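Accompanying notes for the structure given below.
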2 protein chains.
Amino acid sequence: MSKGRVTVVDIARAAGVSKSTVSLVLQSSPLVNEATRAKVTAVIRDLGYVYNRGAANLRQSASSRIIGIVVNDLTNSFFAELAVGMDMVMQSAGYVQFLSNSAESVDRQREVIASMREHGISGLILSPARGTEAADLKPLVASGIPVLAVVRNVVGAKVSTLFSDNYAGAMDAVGHLIGLGHRRIAFLGGMANTTVFAERTAGWRDALNKAGIPASDDLVIASTASRAGGVAAVERALQLPEPPTAALCFNDAAAFGVCDGLRAKGKEPGRDFGVVGFDDVIEAETAVPALTTVSVDPQGMGRRAAQMLLKQINAGRAEPEAIVNSVRLVVRESCGAGGNGGARRMLA
Amino acid sequence: MSKGRVTVVDIARAAGVSKSTVSLVLQSSPLVNEATRAKVTAVIRDLGYVYNRGAANLRQSASSRIIGIVVNDLTNSFFAELAVGMDMVMQSAGYVQFLSNSAESVDRQREVIASMREHGISGLILSPARGTEAADLKPLVASGIPVLAVVRNVVGAKVSTLFSDNYAGAMDAVGHLIGLGHRRIAFLGGMANTTVFAERTAGWRDALNKAGIPASDDLVIASTASRAGGVAAVERALQLPEPPTAALCFNDAAAFGVCDGLRAKGKEPGRDFGVVGFDDVIEAETAVPALTTVSVDPQGMGRRAAQMLLKQINAGRAEPEAIVNSVRLVVRESCGAGGNGGARRMLA
DNA sequence: GCAGATAATTGGATCGTTCCAAATTTGTCA
DNA sequence: TGACAAATTTGGAACGATCCAATTATCTGC
């Protein structure tokens with residue numbers, strides 16, 4: 001009764017079989033007789049038995065059915081949705097996940113990964129904190145645990161990757177703004193000297209060049225990749241001698257900030273200024289004006305990441321693979337293309 | 001070498017001591033000689049030893065240093081921040097957390113809790129899915145695992161609770177709007193027949209009654225507790241024969257939706273209509289207009305929840321406690337009190 | 001140099017499961 | 001009924017750490 005937890009031995013005794021048989025029932029082996037199985041199952045229910053996965057994991061075979069997920073900023077809805085996507089797949093696959101936030105601190109990230117490792121994760125999905133080095137992941141990959149870097153990369157690390165097609169997405173978005181008649185198009189928000197920033201600005205630059213428009217460096221205004229960062233960036237943009245009439249923003253959070261900043265200056269986003277975001281977070285659709293944005297589908301990307309990792313775990317030892325998640329421009333209202341053909345109006 | 005993982009026995013052999021000594025070193029016991037400790041520590045580093053917590057947890061004493069967190073909607077930034085707050089405390093305390101999203105499904109919630117239990121969590125923080133019953137938590141509490149319900153309650157469950165003071169917060173918010181001169185104040189958004197909804201509308205009603213203003217039921221417009229729900233609710237509100245001039249919204253997400261809906265109808269929130277939210281999510285401060293809201297401080301609440309749970313885990317067997325997290329009205333711009341005393345202007 | 005204390009170390013036995021080889025039961029057919 | 005195969009069941013030895021009781025090394029003071 002109160003003598004600690006119920007174990008297979010207790011079940012065995014109560015059902016009048018051996019612990020081996022109980023074990024076979026637990027893993028629904030076809031070897032056991034139906035009558036026995038029924039009897040054991042009943043006893044398991046009656047005694048309120050709880051399977052002890054920790055004990056099972058002791059034997060060096062079989063995976064722990066635990067994976068680790070570490071993201072750099074869970075308060076950003078992009079990452080929250082990414083996590084939700086992963087959670088869905090993991091739940092259906094019968095896995096549980098340690099989920100932690102590194103808050104852009106490589107130290108916290110290192111600690112939390114170490115802790116997860118001690119608990120025996122069989123795989124790790126990491127959206128690395130800024131400044132993560134290949135060495136940080138070395139021991140993990142050396143011990144044969146599949147690691148998947150998402151969203152951002154870790155230079156030199158031999159891990160699988162899943163990134164979105166930042167370059168193509170930015171190209172498309174800027175191309176669309178050019179098609180609407182814009183000639184001075186800024187790139188607002190985001191921390192410079194990150195790979196993602198470099199890729200998105202490269203797309204911005206090449207789209208302008210392709211259209212024969214000079215891509216002037218003062219139209220690239222970095223800041224934090226947040227709502228507050230967007231406000232700050234657009235403020236500076238509007239103070240330029242020749243201010244832009246539209247902008248591709250580093251991400252949706254920054255884009256919302258840009259909208260806020262425009263309104264604070266008496267300009268209505270979508271009418272007086274074209275705004276395009278990046279990510280397509282859930283609020284993008286319902287915001288006013290609805291945000292035109294490069295849809296990365298964070299939940300979908302999360303699901304895909306989870307599937308990739310599970311595949312690698314099941315495959316035993318697979319070579320790292322690099323996948324780019326294609327993106328697509330979702331035209332809504334904030335770019336000024338909202339049905340009434342009003343884009344050119346802004347340029348008057 | 002490649003013969004599986006490195007264990008205490010390997011360390012012991014390499015360092016020329018017994019596994020018991022290695023174990024003592026691992027738990028930094030004062031019993032071991034400094035020289036020995038140094039030698040063992042060096043070997044541990046050299047061989048790349050990884051502590052196997054699962055093995056240690058087998059012995060019935062000692063906690064697993066794992067807790068479970070299950071929230072009903074991680075895509076809502078309120079819960080994401082709540083989770084981040086918990087994560088902070090847990091990380092510092094040397095715990096890791098399973099973090100999962102129930103997406104308001106009691107089935108998923110049940111499964112994920114069962115799974116966490118098999119993995120040996122030593123405590124659970126739950127923001128319950130709608131429809132959670134006391135029976136769902138019964139086995140968990142019966143086995144002596146501390147459970148803490150946050151944000152929402154589970155009627156009849158003998159667990160600790162941490163809720164925000166919904167009634168007082170709503171009272172304050174509505175009182176403030178009345179002070180600004182409003183007489184027709186709506187309550188917008190949120191799912192009716194939840195406890196939180198009942199508490200907030202009760203505060204709304206009593207504040208109106210206290211001021212001698214009749215609290216008419218058609219001013220309470222329920223919908224989902226999301227941005228989209230806010231848009232829908234304010235649309236209906238503005239179609240009333242005698243439309244409101246201000247509103248307390250169920251939460252910040254709904255409040256942002258209300259702002260969107262107002263703009264869609266050509267009304268500027270904060271100037272033409274007073275809007276007050278509830279939660280004080282991170283975007284509330286930087287939105288335009290900055291959202292006046294009842295600050296629950298989700299991160300702080302998360303930290304507090306984590307501390308409560310840890311306390312109970314360490315206390316061994318503590319009685320469930322019920323704590324209400326006090327809230328405070330943060331006056332920003334969306335209510336129309338933004339410095340220029342313009343509130344009464346809306347009523348002209 | 002030796003008793004007595006203190007410091008440091010060490011073999012098992014144990015936790016709850018899985019897995020293997022071996023044992024037992026049941027079934028089939030001549 | 002006996003021989004053989006197939007279907008079930010079962011002890012015990014892992015897995016990797018902890019903890020207790022017992023042992024050995026080191027230190028006192030005289």
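Residue numbering restarts at 1 for every chain, and letters A, B, ... go by the order of the sequence lines. Quick note: numbers below take in every heavy atom, side chains included, and nothing from hydrogens, waters or symmetry partners. Computed from a predicted model, the values in this text were never measured in an experiment.
Distance, B:Asp10 CG to D:dC15 C1': 13 Å, rounded to whole Å. Rounded to a whole Å, the CZ atom of A:Arg13 is 11 Å from the P atom of C:dG16. One atom, CG of B:Leu58, and another, P of D:dC15, lie 14 Å apart when rounded to the nearest Å. Remark: C1' of C:dC15 and CZ of A:Arg59 are 14 Å apart, rounded to the nearest angstrom. Distance, A:Arg37 CZ to D:dT9 C1': 13 Å, rounded to whole Å. A:Ile11 places its CD1 atom 13 Å from the P atom of C:dT18, with the value rounded to the nearest Å.
Note on the helix from C:dG1-D:dC30 to C:dA30-D:dT1: angle between the axes of the first and last five pairs equals 30°, rounded to 10 degrees.
The stretch residues 20-30 of chain A touches DNA chain D through A:Ser20, A:Thr21, A:Leu24, each having a heavy atom under 4.0 angstrom from the strand.
Between D:dA17, D:dG11, C:dT17, one nucleotide has an atom nearer to the side chain of A:Asn52 than all others, and that is C:dT17. The side chain of A:Ala56 sits closest to C:dT18 out of D:dG11, C:dT18, D:dG16. Distance from the side chain of A:Leu31 is smallest for D:dT8 among the nucleotides D:dT18, C:dT18, D:dT8.
We find the OG-CZ distance between B:Ser102 and B:Arg108 to be 8.5 Å, quoted to the nearest 0.5 Å.
A:Asp107 and A:Ser105 form no side-chain donor-acceptor contact under 3.5 Å, judged by distance and modelled atom types alone.
Contact annotation: the side chain of B:Ile121 approaches that of B:Phe98 to within less than 4.5 Å [non-hydrogen atoms, C-beta and beyond]. Contact of the A:Arg130 side chain with the A:Arg152 side chain is registered, since non-hydrogen atoms from C-beta on lie closer than 4.5 Å. Within the 4.5 Å cutoff, the side chain of B:Ser122 has no heavy atoms near those of the B:Arg65 side chain. The side-chain heavy atoms of B:Leu310 and B:Met90, taken from C-beta on, include a pair separated by under 4.5 Å. Under the 4.5 Å side-chain criterion, counting only non-hydrogen atoms from C-beta, A:Ile11 is in contact with A:Val6.
Minimum interatomic distance between A:Leu137 and A:Val154 (heavy atoms only, all atoms of both residues): CD1-CG2, 4.1 Å.
Within the structure, every side-chain polar atom (N or O) of A:Arg53 is placed at least 4.0 Å from both OP1 and OP2 of C:dT17. Contact between the side-chain N/O atoms of B:Thr7 and the OP1/OP2 oxygens of D:dG16 is not found at any separation under 4.0 Å. Within the structure, a side-chain polar atom (N or O) of B:Thr36 is placed less than 4.0 Å from OP1 or OP2 of C:dT9. Applying the 4.0 Å criterion to OP1 and OP2 of D:dG16, one finds that B:Arg5 has a side-chain N or O inside that range.
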Show every donor-acceptor pair shorter than 3.5 Å between a side-chain atom in residues 297-309 of chain A and any protein atom, with sequence neighbours excluded, or say none if there are none.
unit_1   : atom_1 : unit_2   : atom_2 : d
A:Asp297 : OD1    : A:Gly300 : N      : 3.1
A:Arg304 : NH1    : A:Asn325 : OD1    : 2.8

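In this structure, A:Val17 reaches the sugar-phosphate backbone alone: every heavy-atom distance under 4.0 Å involves primed, P, OP1 or OP2 atoms, never a base.
Checked for salt-bridge contact, B:Glu321 and B:Lys311 meet the test: a charged N lies under 4.0 Å from a carboxylate O.
A residue-by-residue look at A:Lys19 and A:Asn33 shows that A:Asn33 has its nearest nucleotide of DNA chain D further toward the 5' end.
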